Amino acid sequence: MFDEEKQYETLEIDGINYANVARSKDIVEGKGYQFIFQEDYDLQIAVIRFESKLYCFHNICPHRHADRIHEGIIDKKNKTLTCPLHGWTYTLDTGENTNKHQGIKHLVKFSIFEEDGLVWAEIPSDQLIPAWRKNPI
Ligand code: FES
């Protein structure tokens, strides 16, 4: 599913830009998928289907900025997603960090919807690119 150079079909709804990232049938229950835009490490998303519903998050964990959220572990009872690297845990509904002792940074959540058998995910804004990378010395 991960294809760095893929060109996505896009559309705009209410000022939000969406990309057709997959067919609905290809996003299966309980599994996460990674999609990257403009070949930029910071512009990638994790798409997860849980209890038939789709969730879309920034794929970069705010702990150590690893692109592993798509490999997160879902806790079905608490409806949370845990980063596989060091265990930071976020709510599926909001992306909020569930353990303030680990830190207060939350997971950025994006809009996502399905229509006519296709999955449309919000394209991450370049505001997610750290300032130090935008203005190299
Ligand atoms: S990088 Fe995700 S918990 Fe450390």
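Numbering of ligands and ligand atoms starts at 1, following listing order. If you're wondering where the values come from, they're calculated on a predicted model, not measured in any experiment. We number each residue from 1, following the sequence as shown.
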### Query
Which heavy atom of Trp88 sits nearest a heavy atom of Lys105, and at what distance?
CZ3-O, 4.3 Å
### Query
If you count the atoms of ligand 1 from 1 in the order shown, which ones are under 4.0 Å from a heavy atom of Trp88?
3 (S)
### Task
List every atom of ligand 1 that sits less than 4.0 Å from any heavy atom of Cys83, numbering the atoms from 1 in the order shown and giving each element.
1 (S), 2 (Fe), 3 (S)
### Message
I'd like to know whether the aromatic ring centres of Tyr90 and Phe57 sit less than 6.0 Å apart in this structure.
### Response
no
### Message
Under 4.0 Å from a heavy atom of Cys61: which atoms of ligand 1 are those, numbered in the order shown and with their elements?
### Response
1 (S), 2 (Fe), 3 (S)
### Task
Going by the side chain to side chain donor-acceptor pair (under 3.5 Å) test, name the single residue among Thr80, Thr98, Thr82 that passes it with Thr89.
Thr82
### Query
Rounded to 10 degrees, what angle sits at atom 4 (Fe) of ligand 1 between His63 ND1 and His86 ND1?
100°
### Task
Check step by step if side-chain contact (heavy atoms from CB on, under 4.5 Å) holds for Ile16 and Phe110.
CA-CA 10 Å; Ile16 297 175; Phe110 297 110; over 6 Å; no
### Query
Looking at His58, Gln34, Gln38, which hits side chain to side chain donor-acceptor pair (under 3.5 Å) with Gln44?
Gln34
### Message
I'd like to check which ligand 1 atoms, numbered from 1 as shown, lie under 4.0 Å from a non-hydrogen atom of Arg64.
### Response
1 (S)
